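The block underneath contains the structure these notes are about, expressed in structure tokens.
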Amino acid sequence: MYEFNYHRPKSLDEASSAAKDAEDRKILAGGMTLIPSMKLRLAAPSDLIDLADVDGLKGITVGSDTVTIGAMTRHYDVQTSADVQKAIPALAALAGGIGDPSVRHRGTIGGSVAHSDPAADYPAAVLGLDATVKTDNREIAADDFFTGLFETALEEAEIITAIEFKIPDAAAYIKFPQPASGFALVGAFVAKFGGDVRVAITGAKDCVFRVTEMEQALASNFSPDAIADIQIGDDDLLADIHCAADYRAHLVTVMAKRAVAQAAG
Amino acid sequence: MSTKVSMNVNGKPVLADVEPRTLLVQYLREHLGLTGTHVGCDTSQCGCCNVHLNGEAVKSCTLFAIQCEGQDITTIEGLAEEDGTLHPMQQAFWEHHGLQCGFCTPGMVMVACDIARRRPDADEKTIRHELEGNICRCTGYQHIVEAIESGIKAMNAKG
């Protein structure tokens, strides 16, 4: 691993300043992806800004229509939160399926969302639940946030402070995990808000995306049968040693159907 | 450039100069000589490097020592009593042959104690699921799972 300067700011203002002043910074949250990337020299920031001591970035607040989760809230805390389990059980279950118990003790929602790994779980919930990503200087709608492979709408030194999820009438997340890593080969987050339905797919393309054809079909008939014949094209789907593009396309429909069945049940 | 870091390891305060890039596992093994914590994969997958950070199992190969400033760390060396009496989970691994080569064992035992803390009612299925982040290449896990079931009971009985 290359050397770096380590910063441990006490406030969001200090963190923002340190991030802006650095030549090539990375924000350190749980580090569950960043630190392995640095060990492999895939990432070599000049400066690490550790958010561990910044007040106000942890915690879960449930409102009448929303659940807001601080960026430094760990997967384990979301998984075991009675409030999240009650308001959006699919989100608690999703958090409980990330990595393994030791990883969930460190990994954070803000880190996962900022990283936008194509196979990560949280982005599916952010897009599926029409969430708002709050940062140190603005709010970004989920539909505008994920822009590509490890790419988001975040500016270089911008820091996520919280994610605000809309509470759905029903929702479910189902993934087909790669057996060794647990990462989603394909994961489908389906959420129903009154007459509207959102279907967000992770693992299949450069970043999480919605399948509007499925959303429209489910809006009039919220059942697995409604989307059984909807197959997405495989032209821009990921293909690797674990899974070919046409198989991923097939999994999109299968995972979405299972998610609808669970949400409807 | 090195910087000072202080933490409690196995109940004792330690202070050292480390580079920010020093991983916790390197600090434990190379600076403190606590070589019970193993490095099996270096990519966060095998679980051999698990220690407790403020009582919770974490992978010490995916954590900088400097992040642990002021925190409490427990390693496998910190489980047994001063007189050498094994921790109930270590004793259970001994009794149930929960190891062959022993390389993964420190991580297995640290995670097993963490399972006992969070899930004192864990059954066999739960234990197998909870071991998702720990890889053993010898045993087939059967005896490890039996050891953890027994160790949890012993820990519960001890209170």
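Note that this is a predicted model, so its numbers are computed, not measured.
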Let me know which of A/L94, A/V208, A/I174, A/V126 forms a side chain to side chain contact (heavy atoms under 4.5 Å, CB included) with A/F189. A/L94
Which answer fits A/L34, side chain, backbone, both or neither, if we ask what part of it has an atom under 4.5 Å from a heavy atom of chain B? neither
Spacing of A/L237 atom CG and A/I201 atom CD1 [to the nearest 0.5 Å]: 10.0 Å
Considering only heavy-atom distances, could you tabulate the donor-acceptor pairs under 3.5 Å between chain B and chain A?
unit_1 : atom_1 : unit_2 : atom_2 : d
B/M1   : N      : A/E3   : OE1    : 3.1
B/R21  : NH1    : A/M1   : O      : 2.6
B/D42  : O      : A/K39  : NZ     : 3.0
B/D42  : OD1    : A/K39  : NZ     : 3.3
B/N50  : OD1    : A/S102 : OG     : 2.8
B/E56  : OE1    : A/R74  : NH1    : 2.7
B/E56  : OE2    : A/R74  : NH2    : 3.2
B/A57  : O      : A/H105 : ND1    : 2.7
B/K59  : NZ     : A/D100 : OD2    : 2.6
B/C61  : O      : A/K39  : NZ     : 2.6
B/I66  : O      : A/R8   : NH1    : 3.3
B/Q67  : O      : A/R8   : NH1    : 3.4

What is the minimum heavy-atom distance between A/A170 and A/A263, and which atoms define it? CB-O, 3.6 Å
Can you say whether B/I115 sits under 4.5 Å from chain A via the side chain, the backbone, both, or neither, judging by heavy atoms? neither
Any non-hydrogen side-chain atom of B/V111 less than 4.5 Å from a side-chain atom of A/P101? no
Looking at every heavy atom in both B/Q100 and B/T139, which two are closest together, and how far apart are they? NE2-CA, 3.8 Å
Region of B/L23 that comes under 4.5 Å of a non-hydrogen atom in chain A: side chain
How far apart are the closest heavy atoms of B/C61 and B/C49, and which atoms are they? N-SG, 3.3 Å
Less than 4.0 Å between a side-chain N and a carboxylate O, is that true for B/K158 and B/E81? yes
